[in-house]
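By convention in this document, chain letters (A, B, ...) are assigned in the order of the sequence lines, proteins followed by strands, and residues within each chain are numbered from 1. Just so it is clear, the values below take in all heavy atoms, side chains as well, and ignore hydrogens, waters and symmetry mates.
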Number of protein chains: 2
Amino acid sequence: MGRRDISKLRRAEYAAAAYRALMRYGNDGTSLARVAEEAGVSKANVLHYFKSKEALLAAALRYANAELLREAVLLLGEARTPLERVYAVVETNLSPTSFRPEVAHAWIALCAGVPYVPAYQRIQTVIYARMRSNLIGPLRSLLPEEDAALLSDLMTTAIDGIWLRCGLSLDGLTRQAARAQLEAVLDARLPDSEERRAAKIRMLEVARILVKARR
Amino acid sequence: MGRRDISKLRRAEYAAAAYRALMRYGNDGTSLARVAEEAGVSKANVLHYFKSKEALLAAALRYANAELLREAVLLLGEARTPLERVYAVVETNLSPTSFRPEVAHAWIALCAGVPYVPAYQRIQTVIYARMRSNLIGPLRSLLPEEDAALLSDLMTTAIDGIWLRCGLSLDGLTRQAARAQLEAVLDARLPDSEERRAAKIRMLEVARILVKARR
DNA sequence: ACAAATATGAACCATTCGGTCAATCTATTA
DNA sequence: TAATAGATTGACCGAATGGTTCATATTTGT
């Protein structure tokens, strides 16, 4: 049975390599040869574990998604109130592991491929569904149904826009500037309050601690 | 000198064909052969007018940009007050000529190529600079400097996010929903007022008239 | 009318792509 | 130790890519 283990290992290894290639070279720049080189093995061997390039890239994006999910779960686990849950989502999307041009590159490449690669479409749908459910839950307990839905959607679009700018990195969009923008989005519907400020500060602190602990 | 005219004509013709191909097939799906087919001429002929594929695609995006610019100029020309100028920008980005999945596809492809194609980077920089200057001018006369800058940036990111979603078209993001989101963004800093509602209604009407007239 | 300039397209080139295959190598097991 | 199942690889394939060449057709100025 010592041989089955290596199969799981290789699959994870090559998915990670494909993700690195996706970050560095973009969607069309990521060839099987490049992924194989990244993993230090032959192209044929990569195809031995993934029957097609599409399957490989889908695995790569599931891998990346799982990475972000781990971060989200950790932060949301520490959130005690609805407001803290909202800020947990904000800080998750601004965490140093996610909010990097390389990661954003991979994500934009994913978006660009959505119309042509069915697997990408499915992954993207999952990501959006999770984002929405994470946001609309806490918001519903803070706002009228209609406003909760609107603010949830608006937060999602704003996060999309911020990640896009991060990926383009034409101007150096800092984490602070991005945070200020998302804060302003919340201003649109969420009244300023002492609890809100406290929730923001606490989740920022929790995020800081988790990042430090991770390293 | 009747010969130089055909050169300009062909260049515009092939740029438009390249743009159509970009919308339909994405960045890597757009080959010289495909563009040539789209234009109904030979591949070599296309390359006769554009020395490289990169030059062709750059021209295609300048063409698309000019298309949107024309729309923006028309709307902004009808705006009489700062508030109307803000809503002119909003309606420009939601106009039926721009706010279509095909157009958004091309734009996402452009974004995905930015890190690798220098020409794309330059075009994207120009687009953002124009958007910012169109927004920050009127906003400065309505808000403190700091808020004007923040709201301008936030409007830009929100528009990015909306276009991205339009391109993915996983959920059918309607023009109305997008307009509601941008309206909510303005709520974050711009006080509700009679003038604001009037400005919104007027630019919406102007946009409607212009679209009808165009056809 | 004619030579120069330009426009055009078919065939072609080298390269890269995703993917296949038969041949090796390796490690477990009988 | 011998057999075997799985891991790994280099060589190779057809298709498609961006880009070039060159012979032919068309238009232009004189």
Side-chain angles (χ1 to χ4, degrees), chain A residues 1-22 24-61 109-110 112-113 115-120, chain B residues 1-61 109-110 112-113 116-120:
Chain A
M1 287 300 147
R3 222 47 178 293
R4 287 287 177 197
D5 300 27
I6 224 172
S7 174
K8 296 282 173 192
L9 184 72
R10 287 279 174 279
R11 284 181 61 89
E13 211 170 290
Y14 297 165
Y19 178 57
R20 285 198 304 276
L22 218 47
R24 268 198 265 276
Y25 307 111
N27 205 354
D28 41 332
T30 298
S31 63
L32 286 175
R34 200 98 71 165
V35 174
E37 185 196 0
E38 190 77 30
V41 295
S42 74
K43 188 175 58 165
N45 190 253
V46 174
L47 275 168
H48 174 70
Y49 290 99
F50 294 94
K51 69 176 178 191
S52 72
K53 185 195 183 183
E54 187 173 332
L56 169 64
L57 292 187
L61 292 170
L110 164 64
Y116 316 104
V117 187
Y120 287 6
Chain B
M1 290 307 135
R3 219 46 177 295
R4 289 289 172 197
D5 300 25
I6 224 174
S7 174
K8 295 283 172 191
L9 184 71
R10 287 282 175 278
R11 286 181 60 89
E13 209 170 292
Y14 296 165
Y19 178 57
R20 285 198 304 275
L22 217 48
M23 289 194 289
R24 266 198 266 274
Y25 308 112
N27 205 355
D28 43 333
T30 298
S31 66
L32 286 175
R34 201 98 68 162
V35 173
E37 185 196 359
E38 190 75 31
V41 295
S42 77
K43 189 173 58 163
N45 193 359
V46 174
L47 228 51
H48 174 73
Y49 291 99
F50 295 93
K51 69 175 177 193
S52 71
K53 185 195 184 185
E54 185 174 331
L56 169 64
L57 292 187
L61 291 170
L110 164 64
Y116 317 103
V117 187
Y120 287 7

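- A heavy atom lying under 4.0 Å from DNA chain C marks none of the residues of residues 18-28 of chain B.
- Here the P atom of nucleotide C:dT15 and the CG atom of A:Leu32 are 20 Å apart, to the nearest Å.
- By the 4.5 Å heavy-atom criterion applied to side chains, B:Leu56 and B:Leu32 are counted as neighbours.
- Within the 4.0 angstrom heavy-atom criterion, only backbone atoms of the sugar-phosphate kind lie near A:Tyr49; the bases stay farther away.
- Taking the side-chain hydrogen bond (donor to acceptor under 3.5 Å, both in side chains) definition, one finds that B:Tyr25 meets it with nothing, sequence neighbours left out.
- Separating the CD atom of B:Glu13 from the C1' atom of C:dA7 is a distance of 13 Å, rounded to the nearest angstrom.
- Scanning both residues, B:Ala33 and B:Lys43, for their nearest heavy atoms gives N-CD, 3.9 Å.
- We find that NZ of A:Lys53 is positioned 8 Å from P of C:dC17, with the value rounded to whole Å.
- Along DNA chain C, the nucleotide nearest to A:Ala33 and the one nearest to A:Lys51 differ in position, and the one closer to the 5' end is contacted by A:Ala33.
- Although no hydrogens or angles enter the test, the distance criterion places a donor-acceptor pair under 3.5 Å between the side chain of B:Tyr116 and the main chain of A:Gly26.
- A donor-acceptor pair under 3.5 Å links the side-chain atoms of A:Lys53 to the main chain of A:Thr30, judged by distance alone.
- Contact annotation: the side chain of B:Leu61 approaches that of B:Leu22 to within less than 4.5 Å [non-hydrogen atoms, C-beta and beyond].
- Scanning residues 41-48 of chain A for heavy-atom distances under 4.0 Å to DNA chain C yields A:Lys43, A:Ala44, A:Leu47.
- You'll find the side chain of B:Leu57 stays beyond 4.5 Å of the side chain of B:Leu110, heavy atoms only.
- Scanning all heavy atoms of the two residues, the minimum distance from A:Phe50 to A:Ala59 falls at CE2-CB, 3.5 Å.
- Taking 4.0 angstrom as the limit, A:Arg10 places none of its side-chain polar atoms (N or O) nearer than this to OP1 or OP2 of D:dG6.
- Here A:Ala44 pairs with A:Ser42 under the side-chain contact (heavy atoms from CB on, under 4.5 Å) rule; sequence neighbours left out.
- Contact record, A:Val35 with A:Ala21: CG2-CB, 4.2 Å, taken as the closest heavy-atom pair.
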Sequence neighbours excluded and cut-off under 3.5 Å, please list the side-chain donor-acceptor pairs for residues 11-20 of chain A, or say none.
residue	atom	partner	partner atom	Å
A:Arg11	NH1	A:Tyr49	O	2.8
A:Glu13	OE1	A:Arg10	NH1	3.2
A:Tyr14	OH	A:Asn45	OD1	2.5
A:Arg20	NE	A:Glu38	OE2	3.1

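- In this structure, the helix from C:dA1-D:dT30 to C:dA30-D:dT1 shows an angle of 0° between the axis at its start and the axis at its end, each fitted on 5 base pairs and rounded to 10°.
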